[in-house]
There are 2 protein chains.
Amino acid sequence: MSIRRESAGESSSMAASTGAPNSIRPRIFELGNDQNRLLIATDPQDRATLQPFLEPVTLLPGEVLLDVGQPIDYVYFPQSGVISLLTMVQPDQFVETCTIGREGAVGLVTGLGSGVSLSRVVVQIAGRALRMRSATLREILPNTPSLSDIKMRYGEALISQVLQTLACNTLHSVEERLCRWLLICRDRTASNTVPLTQEALAEMLGVQRTTVTASARSLQERGFIRYRRGVIECTDVTGLQETSCECYALMRDTFERLLPYTYTDPPKDQL
Amino acid sequence: MSIRRESAGESSSMAASTGAPNSIRPRIFELGNDQNRLLIATDPQDRATLQPFLEPVTLLPGEVLLDVGQPIDYVYFPQSGVISLLTMVQPDQFVETCTIGREGAVGLVTGLGSGVSLSRVVVQIAGRALRMRSATLREILPNTPSLSDIKMRYGEALISQVLQTLACNTLHSVEERLCRWLLICRDRTASNTVPLTQEALAEMLGVQRTTVTASARSLQERGFIRYRRGVIECTDVTGLQETSCECYALMRDTFERLLPYTYTDPPKDQL
DNA sequence: ACAATTCTGTTCGTAAGCGGACATAAAATA
DNA sequence: TATTTTATGTCCGCTTACGAACAGAATTGT
């Protein structure tokens, strides 16, 4: 609830997979949990168990899904869009610790522990998600072994991502980190278009807006990106990868190792 | 195994709590699991279950308890000393993501998940620990509800510490971070003496050695610390707290909230 | 006691990024 | 269309920290 419309401008190169956007659709189709990697990786039987409890919601940019100290009532499985976990340093100062998209979930790990959020969770890029009550999931989990396994793996993948981000923020330049962020975002959204202001990027990276502007300009001059007000487009992925630090590749590889997304391929699990 | 002697120079202000140091003692006493906070917080009945599997070991400075990609065979419950989790960026470049002492454990969380280490785990300051095979703990866990609970809480406390460190490293100056580190170390060891080289500190903080030297000199001039080759002594904790960023207090508070150490209150412990 | 090693002190030029300010331009709103 | 809001462009002085180099001092090992 509290969520209604779809943001404009998300269609561009992204709508390809499901066809033309259409706000009113039979629910059964819109519910399609074939867009969230964790759900994809879940064994069909377990997926069937989850299905009745999954509720489709729209993620609006800027929306705060959770805040520090708040009880985690829902687990979100994004189907599109990008969500940030932010850690608070001062009441008005936040740093992004983690980026979540259709490859993951919000609240799956912490939500089933103490049940209280350690981070502020904000929608950065509009999208859709399937959500489910944490309490329900907690009850179901013992009966859905594949999901339990995925939860464990995803928990480690998340930690791994945070650890790498920590090292990266500590050691690497803003330019490198900006490239990393754009590349990750690109993977999350399956789109070269990153609909974010430089100001938003600056806050996530924990740097000044002017520094982002300078980096962005430099990247544009080299032809790696092109940007206009509120949008950055990746025009040369190879260039971005070369300019980025190795953290992007490391994070990507670690994720694939922990959660290979051919997981369902055979009946259940391998590895 | 592979561990024998005790490092010199760890006694100073620390031996107060348990009386005069004595290297040869009846094992039953040395085993005393009343020094590790997680074990202290465990219900006596569960502790009795664990007891026979806990093996005392000495932690030698520089010792690598675990490395990236290695299977996690043991869970360590430090009784003294300080251990760092390091994330690798390049084969020769590491950043500390987490500091662990007698308030926590190594391998308790990740060790029982995929069982493969995401970090390099290194002993920074000599000490002792009780260790136990991960496989054994995994079997026992369902029968020790208080330990399960603690594992969950500690997992969150760890994540919280990493998140805060991430934000801190991203936003705060080396001086602030150095103060934070010293204060945390002081809590871990219950001693004002930090037996570490500036070089080691630099690597953990992910900065240049000369920068640490400069900060250390400045702190010494202000009377907050005093240092000599390989040792830093905290001489004015209040000064350090004021010079440190708020992250120290935040980390401390979060930890106490998630793992209040009056958990068992009555039987033993003080501190 | 001597040599080798390991820390620390110090210097210095340079680069990255901060922080603040102000102008301009594009959107959103009325 | 006019107005307000929001995003970007740009400038500049300043601080922090890097990076590299070398000297001196404390330890350790022999």
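By convention in this document, chain letters (A, B, ...) are assigned in the order of the sequence lines, proteins followed by strands, and residues within each chain are numbered from 1.
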Task: Single hit among Ser218(A), Ser215(A), Cys179(A) for side chain to side chain contact (heavy atoms under 4.5 Å, CB included) with Thr243(A) - done: Cys179(A)

TODO: Identify, residue by residue, the members of residues 219-235 of chain B with a heavy atom below 4.0 Å from DNA chain C, and return them in order of residue number, or none.
DONE: Tyr227(B), Arg228(B), Arg229(B), Gly230(B)

Open item on the list: Looking only at the side chain of Arg217(A) (C-beta and beyond, no hydrogens), which of the listed nucleotides dT10(D), dA7(D), dC18(C) gets closest?
Closed with: dT10(D)

Open item on the list: Quick check for you: among dT8(C), dG19(C), dG17(C), whose closest atom lies nearest to any side-chain atom of Val174(A)?
Closed with: dG17(C)

Task: Side-chain heavy atoms of Tyr74(B) within contact of Leu65(B), under 4.5 Å - done: no

Open item on the list: Given the structure, check if the side chain of Gln208(A) and the base of dG17(C) hold any donor-acceptor pair shorter than 3.5 Å.
Closed with: no

TODO: Report the C-alpha distance between Glu175(B) and Ser173(B) in whole Å, list the side-chain angles of each, state the deciding distance to 0.1 Å, and finish with yes or no for side-chain hydrogen bond (donor to acceptor under 3.5 Å, both in side chains).
DONE: CA-CA 5 Å; Glu175(B) 182 174 271; Ser173(B) 70; 5.6 Å; no

Open item on the list: So if I take every side-chain heavy atom of Thr213(B) and compare against dG9(D), dG17(C), dT8(C), which nucleotide ends up nearest?
Closed with: dT8(C)

Task: Whole angstrom value for the distance that separates P of dG19(C) from CG of Leu171(B) - done: 9 Å

Open item on the list: Using only modelled atom types and a 3.5 angstrom limit, is any donor from either the side chain of Arg209(B) or the base of dG9(C) paired with an acceptor on the other?
Closed with: yes

Task: Ser173(A) side-chain N/O to dA16(C) phosphate OP1/OP2 under 4.0 Å - done: no

- [ ] Heavy atoms only: give me the nearest Ile83(A)-Pro78(A) pair and the separation to one decimal.
- [x] CD1-CG, 3.9 Å

Task: Arg186(B) side, atom CZ; Thr193(B) side, atom OG1 - distance, nearest 0.5 Å - done: 10.5 Å

Task: Euclidean distance, Leu205(B) CG relative to His172(B) NE2, rounded to 0.5 Å - done: 14.0 Å

Task: Helical bend (five base pairs per end, nearest 10°) for the helix from dA1(C)-dT30(D) to dA30(C)-dT1(D) - done: 50°

Task: Spacing of His172(A) atom NE2 relative to dA17(D) atom P, expressed in whole Å - done: 18 Å

- [ ] Select base, sugar-phosphate, or nothing to describe what Gln198(A) touches, counting heavy atoms under 4.0 Å on all strands.
- [x] sugar-phosphate

Task: Distance, rounded to the nearest Å, where Gln93(B) contributes CD and dC18(D) contributes C1' - done: 12 Å

Task: Nearest-angstrom distance from the residue atom CD of Glu199(A) to P of dG9(D) - done: 13 Å

Task: Rounded distance (Å) that lies between atom P of dA15(C) and atom CD of Glu176(A) - done: 16 Å

TODO: Find the distance between CE (Met251(A)) and CG (Leu163(A)) and round it off to the nearest 0.5 Å.
DONE: 9.5 Å

Task: Gap between atoms CD and P, on Glu203(B) and dT8(C) respectively (whole Å) - done: 14 Å

Task: Within-4.5 Å side-chain heavy-atom neighbours: Thr170(B) and Val89(A) - done: no

TODO: Indicate whether the side chain of Thr213(B) and that of Arg217(B) have a donor and an acceptor atom separated by less than 3.5 Å.
DONE: no

Open item on the list: I want to verify a distance call: between dC11(D), dA17(D), dA21(D), whose nearest atom is closest to the Thr210(A) side chain?
Closed with: dC11(D)

